[in-house]
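Take a look at the structure set out below.
Source: prediction; values computed, not measured. Here is the naming used below: chain letters follow the sequence lines, and residue numbers restart at 1 for every chain.
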2 protein chains.
Amino acid sequence: MEVIKSLENNKIKLWGKLNQKKYRDRYNLFIVQERHLIEEAIKANCLDTLIVREGVNNIFEVDCIYVSEAIIKKLSDNVSLNDYIAICKMVDYKVDNFKKVIILEKVQDPGNVGTIIRTAYSFGYDLVYLTEDSCDLYNQKTIQASQGAFFHIPVLRDKFENIISKVKEKGCKLIATDLENSNYLSKSKKVDKLAIMLGNEGQGLSKKAILTADERVKIEMDNFESLNVAIAAAILMYHYR
Amino acid sequence: MEVIKSLENNKIKLWGKLNQKKYRDRYNLFIVQERHLIEEAIKANCLDTLIVREGVNNIFEVDCIYVSEAIIKKLSDNVSLNDYIAICKMVDYKVDNFKKVIILEKVQDPGNVGTIIRTAYSFGYDLVYLTEDSCDLYNQKTIQASQGAFFHIPVLRDKFENIISKVKEKGCKLIATDLENSNYLSKSKKVDKLAIMLGNEGQGLSKKAILTADERVKIEMDNFESLNVAIAAAILMYHYR
(Lines give C-alpha, C1' and ligand atoms only; values in the text may rest on other atoms or scores of the structure.)
Protein backbone atom coordinates (compact mmCIF):
# COMPACT_ATOMS: atom_id res chain seq x y z
CA MET A 1 0.00 0.00 0.00
CA GLU A 2 1.57 3.22 -1.17
CA VAL A 3 1.04 6.19 1.14
CA ILE A 4 2.26 9.68 0.33
CA LYS A 5 2.43 12.16 3.17
CA SER A 6 4.84 14.78 1.88
CA LEU A 7 3.59 17.82 0.02
CA GLU A 8 7.08 17.92 -1.50
CA ASN A 9 6.66 14.54 -3.19
CA ASN A 10 7.28 14.93 -6.94
CA LYS A 11 3.99 13.35 -7.98
CA ILE A 12 2.05 15.61 -5.65
CA LYS A 13 3.90 18.67 -6.93
CA LEU A 14 3.05 17.72 -10.52
CA TRP A 15 -0.62 16.97 -9.76
CA GLY A 16 -0.90 20.17 -7.77
CA LYS A 17 -0.22 22.11 -10.95
CA LEU A 18 -3.16 20.55 -12.79
CA ASN A 19 -5.48 23.34 -11.71
CA GLN A 20 -3.69 25.37 -14.39
CA LYS A 21 -4.56 24.81 -18.05
CA LYS A 22 -0.96 25.02 -19.26
CA TYR A 23 0.08 22.10 -17.07
CA ARG A 24 -2.98 20.06 -17.96
CA ASP A 25 -2.07 20.51 -21.62
CA ARG A 26 1.60 19.78 -21.00
CA TYR A 27 0.96 16.51 -19.17
CA ASN A 28 -2.34 15.57 -20.83
CA LEU A 29 -3.81 15.06 -17.38
CA PHE A 30 -6.72 16.54 -15.46
CA ILE A 31 -8.40 16.15 -12.08
CA VAL A 32 -11.82 14.66 -11.36
CA GLN A 33 -13.30 15.04 -7.87
CA GLU A 34 -16.82 13.72 -7.70
CA ARG A 35 -17.45 10.07 -7.01
CA HIS A 36 -19.84 9.42 -9.91
CA LEU A 37 -17.50 11.24 -12.29
CA ILE A 38 -14.59 9.10 -11.11
CA GLU A 39 -16.70 6.05 -11.95
CA GLU A 40 -17.30 7.47 -15.41
CA ALA A 41 -13.58 8.11 -15.84
CA ILE A 42 -12.78 4.51 -14.93
CA LYS A 43 -15.40 3.17 -17.36
CA ALA A 44 -14.08 5.46 -20.09
CA ASN A 45 -10.57 4.10 -19.48
CA CYS A 46 -9.28 7.55 -18.61
CA LEU A 47 -8.00 6.89 -15.11
CA ASP A 48 -4.32 7.52 -14.56
CA THR A 49 -4.15 7.39 -10.74
CA LEU A 50 -6.79 7.02 -8.10
CA ILE A 51 -5.99 8.94 -4.91
CA VAL A 52 -7.70 8.05 -1.64
CA ARG A 53 -7.53 9.95 1.62
CA GLU A 54 -5.75 7.96 4.32
CA GLY A 55 -8.25 6.17 6.55
CA VAL A 56 -10.95 6.09 3.87
CA ASN A 57 -12.03 2.82 2.29
CA ASN A 58 -11.26 2.49 -1.44
CA ILE A 59 -14.71 1.77 -2.92
CA PHE A 60 -13.46 1.54 -6.49
CA GLU A 61 -12.23 -1.72 -8.00
CA VAL A 62 -8.88 -0.29 -9.05
CA ASP A 63 -5.59 0.22 -7.24
CA CYS A 64 -5.00 3.48 -5.49
CA ILE A 65 -2.47 5.65 -3.73
CA TYR A 66 -3.28 6.82 -0.20
CA VAL A 67 -2.41 10.37 0.76
CA SER A 68 -2.66 12.59 3.82
CA GLU A 69 -5.51 15.05 4.38
CA ALA A 70 -3.19 17.98 3.64
CA ILE A 71 -2.45 16.54 0.21
CA ILE A 72 -6.12 15.91 -0.59
CA LYS A 73 -6.78 19.54 0.31
CA LYS A 74 -3.95 20.75 -1.90
CA LEU A 75 -5.27 18.82 -4.90
CA SER A 76 -8.94 19.70 -4.58
CA ASP A 77 -10.78 22.98 -4.94
CA ASN A 78 -13.83 21.85 -3.03
CA VAL A 79 -14.78 23.49 0.23
CA SER A 80 -15.73 20.15 1.71
CA LEU A 81 -13.06 17.51 2.19
CA ASN A 82 -12.79 14.99 -0.65
CA ASP A 83 -12.38 11.28 0.04
CA TYR A 84 -11.25 10.54 -3.52
CA ILE A 85 -9.51 12.35 -6.33
CA ALA A 86 -8.80 10.90 -9.74
CA ILE A 87 -5.94 11.98 -11.93
CA CYS A 88 -7.25 11.33 -15.42
CA LYS A 89 -5.77 11.13 -18.88
CA MET A 90 -7.36 13.42 -21.42
CA VAL A 91 -9.89 11.63 -23.56
CA ASP A 92 -8.64 10.43 -26.93
CA TYR A 93 -11.73 11.08 -29.01
CA LYS A 94 -12.32 9.03 -32.13
CA VAL A 95 -14.45 10.98 -34.57
CA ASP A 96 -15.03 9.23 -37.85
CA ASN A 97 -18.37 10.53 -38.76
CA PHE A 98 -20.91 13.00 -37.50
CA LYS A 99 -24.25 14.44 -38.45
CA LYS A 100 -25.24 16.83 -35.66
CA VAL A 101 -22.66 19.15 -34.23
CA ILE A 102 -22.48 22.10 -31.82
CA ILE A 103 -19.86 24.77 -32.42
CA LEU A 104 -19.01 27.08 -29.52
CA GLU A 105 -17.20 30.22 -30.61
CA LYS A 106 -15.39 31.91 -27.74
CA VAL A 107 -17.83 30.74 -25.06
CA GLN A 108 -16.08 31.75 -21.87
CA ASP A 109 -18.03 30.50 -18.89
CA PRO A 110 -17.09 26.94 -17.86
CA GLY A 111 -20.59 26.35 -16.47
CA ASN A 112 -22.09 27.22 -19.83
CA VAL A 113 -19.67 25.04 -21.79
CA GLY A 114 -20.21 22.09 -19.45
CA THR A 115 -23.99 22.46 -19.51
CA ILE A 116 -24.00 22.62 -23.32
CA ILE A 117 -21.93 19.42 -23.53
CA ARG A 118 -24.35 17.69 -21.14
CA THR A 119 -27.37 18.84 -23.18
CA ALA A 120 -25.75 17.86 -26.50
CA TYR A 121 -25.17 14.35 -25.21
CA SER A 122 -28.73 14.06 -23.91
CA PHE A 123 -30.18 15.10 -27.26
CA GLY A 124 -28.02 12.69 -29.24
CA TYR A 125 -25.70 15.17 -30.91
CA ASP A 126 -22.46 13.64 -32.18
CA LEU A 127 -19.81 16.20 -31.44
CA VAL A 128 -19.06 19.51 -29.70
CA TYR A 129 -16.45 21.79 -31.24
CA LEU A 130 -14.79 24.51 -29.17
CA THR A 131 -12.88 27.30 -30.86
CA GLU A 132 -9.40 27.82 -29.44
CA ASP A 133 -10.50 30.90 -27.51
CA SER A 134 -13.36 29.08 -25.74
CA CYS A 135 -12.87 28.05 -22.14
CA ASP A 136 -11.08 24.84 -21.26
CA LEU A 137 -12.91 21.52 -21.21
CA TYR A 138 -10.80 20.24 -18.31
CA ASN A 139 -11.55 23.11 -15.96
CA GLN A 140 -13.20 21.83 -12.74
CA LYS A 141 -16.35 23.87 -13.33
CA THR A 142 -16.72 22.64 -16.90
CA ILE A 143 -16.32 19.04 -15.78
CA GLN A 144 -18.83 19.53 -12.98
CA ALA A 145 -21.46 21.20 -15.20
CA SER A 146 -21.01 18.58 -17.91
CA GLN A 147 -21.75 15.84 -15.36
CA GLY A 148 -19.18 13.74 -17.16
CA ALA A 149 -20.97 13.86 -20.52
CA PHE A 150 -17.62 14.53 -22.22
CA PHE A 151 -16.71 10.91 -21.47
CA HIS A 152 -19.48 9.97 -23.92
CA ILE A 153 -19.57 12.70 -26.56
CA PRO A 154 -16.44 13.91 -28.35
CA VAL A 155 -15.37 17.47 -27.61
CA LEU A 156 -12.71 18.86 -29.95
CA ARG A 157 -10.82 22.14 -29.89
CA ASP A 158 -9.68 23.73 -33.12
CA LYS A 159 -9.35 27.03 -34.99
CA PHE A 160 -12.68 28.43 -36.17
CA GLU A 161 -11.69 28.14 -39.83
CA ASN A 162 -10.73 24.48 -39.48
CA ILE A 163 -13.96 23.67 -37.70
CA ILE A 164 -16.03 25.29 -40.43
CA SER A 165 -14.21 23.50 -43.23
CA LYS A 166 -14.58 20.10 -41.52
CA VAL A 167 -18.25 20.66 -40.89
CA LYS A 168 -18.89 21.83 -44.45
CA GLU A 169 -16.95 18.86 -45.83
CA LYS A 170 -19.43 16.56 -44.07
CA GLY A 171 -22.34 18.41 -45.66
CA CYS A 172 -23.71 19.91 -42.43
CA LYS A 173 -26.02 22.90 -42.71
CA LEU A 174 -24.50 25.74 -40.69
CA ILE A 175 -26.97 27.48 -38.40
CA ALA A 176 -26.26 30.74 -36.59
CA THR A 177 -28.28 32.55 -33.96
CA ASP A 178 -28.75 36.19 -34.83
CA LEU A 179 -31.42 38.73 -34.02
CA GLU A 180 -31.22 40.45 -37.42
CA ASN A 181 -32.22 39.10 -40.83
CA SER A 182 -33.09 35.77 -39.31
CA ASN A 183 -35.97 33.30 -39.36
CA TYR A 184 -37.97 32.41 -36.28
CA LEU A 185 -36.70 29.14 -34.90
CA SER A 186 -40.12 27.47 -34.92
CA LYS A 187 -40.32 28.04 -38.70
CA SER A 188 -36.88 26.62 -39.38
CA LYS A 189 -36.90 23.19 -41.06
CA LYS A 190 -35.20 20.25 -39.46
CA VAL A 191 -32.40 18.71 -41.47
CA ASP A 192 -30.38 15.54 -41.21
CA LYS A 193 -26.95 17.09 -40.97
CA LEU A 194 -26.42 20.33 -39.17
CA ALA A 195 -23.99 22.40 -37.14
CA ILE A 196 -25.38 24.90 -34.64
CA MET A 197 -23.05 27.81 -33.87
CA LEU A 198 -23.26 29.69 -30.57
CA GLY A 199 -21.19 32.66 -29.55
CA ASN A 200 -19.64 34.49 -26.66
CA GLU A 201 -21.78 35.41 -23.62
CA GLY A 202 -21.34 39.14 -24.10
CA GLN A 203 -21.03 39.65 -27.83
CA GLY A 204 -22.75 36.65 -29.38
CA LEU A 205 -21.36 35.19 -32.60
CA SER A 206 -18.68 37.04 -34.52
CA LYS A 207 -19.57 38.66 -37.83
CA LYS A 208 -17.54 36.08 -39.72
CA ALA A 209 -19.48 33.26 -38.06
CA ILE A 210 -22.80 34.87 -38.96
CA LEU A 211 -21.68 35.41 -42.56
CA THR A 212 -20.56 31.77 -42.83
CA ALA A 213 -24.00 30.46 -41.82
CA ASP A 214 -26.39 28.81 -44.26
CA GLU A 215 -29.33 29.94 -42.13
CA ARG A 216 -29.77 32.50 -39.37
CA VAL A 217 -32.43 31.89 -36.76
CA LYS A 218 -33.77 33.68 -33.71
CA ILE A 219 -35.61 32.27 -30.76
CA GLU A 220 -39.02 33.87 -30.30
CA MET A 221 -39.06 36.03 -27.17
CA ASP A 222 -41.69 38.21 -25.57
CA ASN A 223 -39.34 40.62 -23.91
CA PHE A 224 -36.34 42.04 -25.59
CA GLU A 225 -33.81 40.30 -23.42
CA SER A 226 -31.04 37.96 -24.39
CA LEU A 227 -31.02 34.37 -23.21
CA ASN A 228 -28.13 32.69 -21.47
CA VAL A 229 -26.07 30.91 -24.16
CA ALA A 230 -26.59 27.44 -22.63
CA ILE A 231 -30.35 28.09 -22.61
CA ALA A 232 -30.36 29.24 -26.24
CA ALA A 233 -28.23 26.22 -27.18
CA ALA A 234 -30.67 23.84 -25.50
CA ILE A 235 -33.73 25.30 -27.21
CA LEU A 236 -32.02 25.03 -30.60
CA MET A 237 -30.77 21.51 -29.95
CA TYR A 238 -34.23 20.38 -28.88
CA HIS A 239 -35.80 21.91 -31.98
CA TYR A 240 -33.32 20.29 -34.42
CA ARG A 241 -32.82 17.05 -32.50
CA MET B 1 -19.74 64.77 0.16
CA GLU B 2 -19.97 61.97 2.66
CA VAL B 3 -16.88 59.77 2.88
CA ILE B 4 -16.66 56.71 5.12
CA LYS B 5 -13.23 55.31 5.82
CA SER B 6 -13.76 53.25 8.94
CA LEU B 7 -14.63 49.58 8.76
CA GLU B 8 -16.14 50.08 12.22
CA ASN B 9 -18.74 52.54 10.94
CA ASN B 10 -22.22 51.30 11.87
CA LYS B 11 -23.61 51.47 8.34
CA ILE B 12 -20.64 49.50 6.99
CA LYS B 13 -21.03 46.91 9.71
CA LEU B 14 -24.70 46.47 8.84
CA TRP B 15 -24.10 46.32 5.08
CA GLY B 16 -21.24 43.89 5.62
CA LYS B 17 -23.75 41.41 7.03
CA LEU B 18 -25.89 41.43 3.90
CA ASN B 19 -23.98 38.52 2.42
CA GLN B 20 -25.98 36.40 4.87
CA LYS B 21 -29.62 35.61 4.11
CA LYS B 22 -30.83 36.14 7.68
CA TYR B 23 -29.61 39.74 7.70
CA ARG B 24 -30.97 40.43 4.22
CA ASP B 25 -34.35 39.24 5.45
CA ARG B 26 -34.08 41.17 8.71
CA TYR B 27 -33.27 44.49 7.04
CA ASN B 28 -35.04 43.88 3.71
CA LEU B 29 -31.86 44.92 1.96
CA PHE B 30 -29.51 43.28 -0.52
CA ILE B 31 -26.35 44.09 -2.45
CA VAL B 32 -26.00 44.65 -6.18
CA GLN B 33 -22.52 44.86 -7.68
CA GLU B 34 -22.63 45.09 -11.45
CA ARG B 35 -23.01 48.42 -13.14
CA HIS B 36 -25.90 47.47 -15.45
CA LEU B 37 -27.72 45.82 -12.54
CA ILE B 38 -27.30 48.97 -10.46
CA GLU B 39 -28.93 50.89 -13.32
CA GLU B 40 -31.82 48.43 -13.26
CA ALA B 41 -32.15 48.82 -9.51
CA ILE B 42 -32.36 52.59 -9.83
CA LYS B 43 -34.98 52.33 -12.59
CA ALA B 44 -36.96 49.87 -10.48
CA ASN B 45 -36.88 52.31 -7.57
CA CYS B 46 -35.07 49.80 -5.37
CA LEU B 47 -31.95 51.78 -4.58
CA ASP B 48 -31.34 52.45 -0.92
CA THR B 49 -27.74 53.71 -1.00
CA LEU B 50 -25.24 54.04 -3.80
CA ILE B 51 -21.66 53.44 -2.67
CA VAL B 52 -18.75 54.68 -4.76
CA ARG B 53 -15.08 53.94 -4.23
CA GLU B 54 -13.11 57.05 -3.29
CA GLY B 55 -11.43 58.58 -6.32
CA VAL B 56 -13.96 57.08 -8.76
CA ASN B 57 -16.40 59.28 -10.65
CA ASN B 58 -20.08 58.76 -9.78
CA ILE B 59 -21.59 57.97 -13.19
CA PHE B 60 -25.11 57.52 -11.84
CA GLU B 61 -27.55 60.40 -11.54
CA VAL B 62 -28.23 59.82 -7.86
CA ASP B 63 -26.43 60.83 -4.67
CA CYS B 64 -23.83 58.53 -3.27
CA ILE B 65 -21.57 57.83 -0.32
CA TYR B 66 -17.86 57.52 -0.97
CA VAL B 67 -15.92 54.81 0.83
CA SER B 68 -12.34 53.58 1.04
CA GLU B 69 -11.01 50.67 -1.01
CA ALA B 70 -10.93 48.46 2.10
CA ILE B 71 -14.65 49.01 2.60
CA ILE B 72 -15.50 48.27 -1.04
CA LYS B 73 -13.55 45.03 -0.68
CA LYS B 74 -15.39 44.13 2.51
CA LEU B 75 -18.79 44.64 0.88
CA SER B 76 -18.12 42.85 -2.40
CA ASP B 77 -17.43 39.24 -3.16
CA ASN B 78 -15.86 39.90 -6.53
CA VAL B 79 -12.24 39.06 -7.16
CA SER B 80 -11.80 42.25 -9.14
CA LEU B 81 -12.19 45.57 -7.35
CA ASN B 82 -15.64 47.14 -7.67
CA ASP B 83 -16.08 50.83 -8.39
CA TYR B 84 -19.72 50.81 -7.32
CA ILE B 85 -21.93 48.88 -4.95
CA ALA B 86 -25.63 49.43 -4.49
CA ILE B 87 -27.49 48.66 -1.30
CA CYS B 88 -30.98 47.87 -2.53
CA LYS B 89 -34.40 47.49 -0.97
CA MET B 90 -36.12 44.20 -1.67
CA VAL B 91 -38.61 44.48 -4.46
CA ASP B 92 -42.23 44.95 -3.44
CA TYR B 93 -43.96 42.85 -6.07
CA LYS B 94 -47.53 43.62 -7.04
CA VAL B 95 -49.21 40.52 -8.37
CA ASP B 96 -52.84 40.99 -9.25
CA ASN B 97 -53.24 38.57 -12.01
CA PHE B 98 -51.23 35.94 -13.79
CA LYS B 99 -51.59 33.34 -16.51
CA LYS B 100 -48.21 31.69 -16.92
CA VAL B 101 -46.23 30.75 -13.87
CA ILE B 102 -43.07 28.84 -12.99
CA ILE B 103 -42.92 27.00 -9.67
CA LEU B 104 -39.51 25.98 -8.35
CA GLU B 105 -39.66 23.34 -5.65
CA LYS B 106 -36.46 23.16 -3.61
CA VAL B 107 -34.20 24.28 -6.44
CA GLN B 108 -30.89 24.80 -4.67
CA ASP B 109 -28.37 26.23 -7.07
CA PRO B 110 -28.46 30.04 -7.26
CA GLY B 111 -27.20 29.97 -10.85
CA ASN B 112 -30.13 27.75 -11.84
CA VAL B 113 -32.72 29.89 -10.04
CA GLY B 114 -31.30 33.10 -11.55
CA THR B 115 -31.17 31.63 -15.05
CA ILE B 116 -34.76 30.38 -14.79
CA ILE B 117 -35.95 33.84 -13.72
CA ARG B 118 -34.11 35.40 -16.68
CA THR B 119 -35.63 32.87 -19.10
CA ALA B 120 -39.13 33.28 -17.65
CA TYR B 121 -38.95 37.01 -18.18
CA SER B 122 -37.68 36.60 -21.75
CA PHE B 123 -40.54 34.26 -22.65
CA GLY B 124 -43.19 36.51 -21.16
CA TYR B 125 -44.13 34.46 -18.11
CA ASP B 126 -45.89 36.43 -15.39
CA LEU B 127 -44.52 35.09 -12.17
CA VAL B 128 -41.91 32.81 -10.59
CA TYR B 129 -42.77 31.05 -7.34
CA LEU B 130 -40.05 29.68 -5.09
CA THR B 131 -40.90 27.20 -2.36
CA GLU B 132 -39.49 28.17 1.01
CA ASP B 133 -36.71 25.58 0.75
CA SER B 134 -35.48 26.90 -2.59
CA CYS B 135 -32.35 29.04 -2.65
CA ASP B 136 -32.51 32.75 -1.93
CA LEU B 137 -33.38 35.26 -4.64
CA TYR B 138 -31.05 37.89 -3.18
CA ASN B 139 -27.93 35.71 -3.18
CA GLN B 140 -25.18 37.33 -5.33
CA LYS B 141 -25.05 34.38 -7.72
CA THR B 142 -28.82 34.36 -8.21
CA ILE B 143 -28.81 38.08 -8.94
CA GLN B 144 -25.93 37.72 -11.35
CA ALA B 145 -27.47 34.77 -13.25
CA SER B 146 -30.86 36.49 -13.43
CA GLN B 147 -29.20 39.50 -15.08
CA GLY B 148 -31.60 41.67 -13.12
CA ALA B 149 -34.73 40.05 -14.61
CA PHE B 150 -36.27 39.95 -11.11
CA PHE B 151 -36.63 43.73 -11.33
CA HIS B 152 -39.17 43.05 -14.11
CA ILE B 153 -40.89 39.79 -13.25
CA PRO B 154 -42.34 39.09 -9.79
CA VAL B 155 -40.61 36.38 -7.77
CA LEU B 156 -42.51 35.21 -4.70
CA ARG B 157 -41.55 32.79 -1.94
CA ASP B 158 -44.20 30.73 -0.19
CA LYS B 159 -45.02 27.29 1.17
CA PHE B 160 -45.62 24.69 -1.52
CA GLU B 161 -49.25 24.17 -0.45
CA ASN B 162 -50.04 27.90 -0.60
CA ILE B 163 -48.47 28.21 -4.03
CA ILE B 164 -50.54 25.33 -5.38
CA SER B 165 -53.80 26.67 -4.00
CA LYS B 166 -53.17 30.16 -5.43
CA VAL B 167 -52.28 28.77 -8.82
CA LYS B 168 -55.34 26.48 -8.89
CA GLU B 169 -57.57 29.33 -7.80
CA LYS B 170 -56.47 31.21 -10.95
CA GLY B 171 -57.37 28.21 -13.10
CA CYS B 172 -53.81 27.37 -14.15
CA LYS B 173 -53.14 23.89 -15.47
CA LEU B 174 -50.41 22.34 -13.32
CA ILE B 175 -47.64 20.68 -15.32
CA ALA B 176 -44.97 18.46 -13.81
CA THR B 177 -41.85 16.98 -15.38
CA ASP B 178 -41.61 13.29 -14.71
CA LEU B 179 -40.00 10.42 -16.57
CA GLU B 180 -42.75 7.92 -15.68
CA ASN B 181 -46.37 7.85 -16.80
CA SER B 182 -45.89 11.07 -18.70
CA ASN B 183 -46.58 12.47 -22.17
CA TYR B 184 -43.84 13.58 -24.52
CA LEU B 185 -43.51 17.34 -24.33
CA SER B 186 -43.91 17.84 -28.08
CA LYS B 187 -47.35 16.15 -27.89
CA SER B 188 -48.54 18.27 -24.97
CA LYS B 189 -51.14 20.89 -25.88
CA LYS B 190 -50.53 24.55 -25.22
CA VAL B 191 -52.98 26.19 -22.87
CA ASP B 192 -53.73 29.74 -21.88
CA LYS B 193 -53.16 29.40 -18.18
CA LEU B 194 -50.49 27.15 -16.81
CA ALA B 195 -48.01 26.57 -14.02
CA ILE B 196 -44.85 24.60 -14.77
CA MET B 197 -43.32 22.86 -11.75
CA LEU B 198 -39.61 22.05 -11.59
CA GLY B 199 -37.82 20.24 -8.82
CA ASN B 200 -34.56 19.87 -6.97
CA GLU B 201 -31.33 19.30 -8.95
CA GLY B 202 -30.72 15.88 -7.43
CA GLN B 203 -34.13 14.43 -6.74
CA GLY B 204 -36.45 16.20 -9.16
CA LEU B 205 -39.99 17.01 -8.06
CA SER B 206 -41.35 15.54 -4.84
CA LYS B 207 -44.00 12.86 -5.05
CA LYS B 208 -46.64 15.25 -3.72
CA ALA B 209 -45.83 17.74 -6.50
CA ILE B 210 -46.12 15.03 -9.15
CA LEU B 211 -49.43 13.83 -7.71
CA THR B 212 -50.80 17.38 -7.68
CA ALA B 213 -50.12 17.86 -11.40
CA ASP B 214 -52.87 17.95 -14.02
CA GLU B 215 -50.42 16.67 -16.62
CA ARG B 216 -47.02 15.01 -16.48
CA VAL B 217 -44.61 15.54 -19.34
CA LYS B 218 -41.14 14.40 -20.29
CA ILE B 219 -38.66 16.00 -22.63
CA GLU B 220 -37.65 13.66 -25.46
CA MET B 221 -34.03 12.59 -25.04
CA ASP B 222 -31.77 10.31 -27.05
CA ASN B 223 -29.55 9.28 -24.20
CA PHE B 224 -30.83 8.38 -20.80
CA GLU B 225 -29.36 11.34 -19.03
CA SER B 226 -31.04 14.01 -17.01
CA LEU B 227 -30.97 17.63 -18.10
CA ASN B 228 -29.90 20.52 -15.92
CA VAL B 229 -33.04 21.98 -14.31
CA ALA B 230 -32.60 25.42 -15.91
CA ILE B 231 -32.28 23.73 -19.31
CA ALA B 232 -35.40 21.63 -18.76
CA ALA B 233 -37.26 24.73 -17.55
CA ALA B 234 -36.27 26.67 -20.67
CA ILE B 235 -37.38 23.95 -23.06
CA LEU B 236 -40.75 23.71 -21.31
CA MET B 237 -41.21 27.47 -21.18
CA TYR B 238 -40.42 27.79 -24.88
CA HIS B 239 -42.88 25.02 -25.74
CA TYR B 240 -45.75 26.51 -23.71
CA ARG B 241 -44.92 30.20 -24.31
**OP:** Write out all pairs satisfying ring-ring contact (aromatic ring centres under 6.0 Å, His included) with one or both partners inside residues 72-105 of chain B, taking only residues at least two apart or from two chains.
**Re:** B/Phe60-B/Tyr84

Original post:
Does B/Lys100 NZ have over 12 foreign heavy atoms under 6.0 Å away?
Top reply: yes

Original post:
Which pair of heavy atoms, one from B/Ile231 and one from A/Ala234, lies closest together, and at what distance?
Top reply: CG2-CB, 3.4 Å

Original post:
Does anything in residues 113-120 of chain B get under 4.5 Å of chain A by heavy atoms, and if so which residues?
Top reply: B/Thr115, B/Arg118, B/Thr119

Original post:
Would the number of heavy atoms belonging to other residues, nucleotides or ligands and lying under 6.0 Å from NZ of A/Lys89 be above 12?
Top reply: yes

Subject >> Under 4.5 Å from any heavy atom of chain B - which part of A/Tyr238 >> reply: side chain

Original post:
Take atom NZ in B/Lys99; do more than 12 heavy atoms of anything else shown fall under 6.0 Å from it?
Top reply: no

Subject >> Which of B/Gln147, B/Glu220, B/His152 touches chain A most, by non-hydrogen pairs under 4.5 Å >> reply: B/Glu220

Original post:
Is the number of heavy atoms from other residues, nucleotides or ligands within 6.0 Å of CG (B/Asn45) greater than 12?
Top reply: no

Subject >> Option from B/Leu227, B/Asp222, B/Ile219, B/Asn223 for which side chain to side chain contact (heavy atoms under 4.5 Å, CB included) with A/Ser122 holds >> reply: B/Leu227

Original post:
Residue by residue, which of residues 135-144 of chain B have a heavy atom closer than 4.5 Å to a heavy atom belonging to chain A?
Top reply: none

Original post:
Taking non-hydrogen atoms and a cut-off under 4.5 angstrom, which of residues 180-200 of chain B neighbour chain A?
Top reply: B/Leu185, B/Ser186

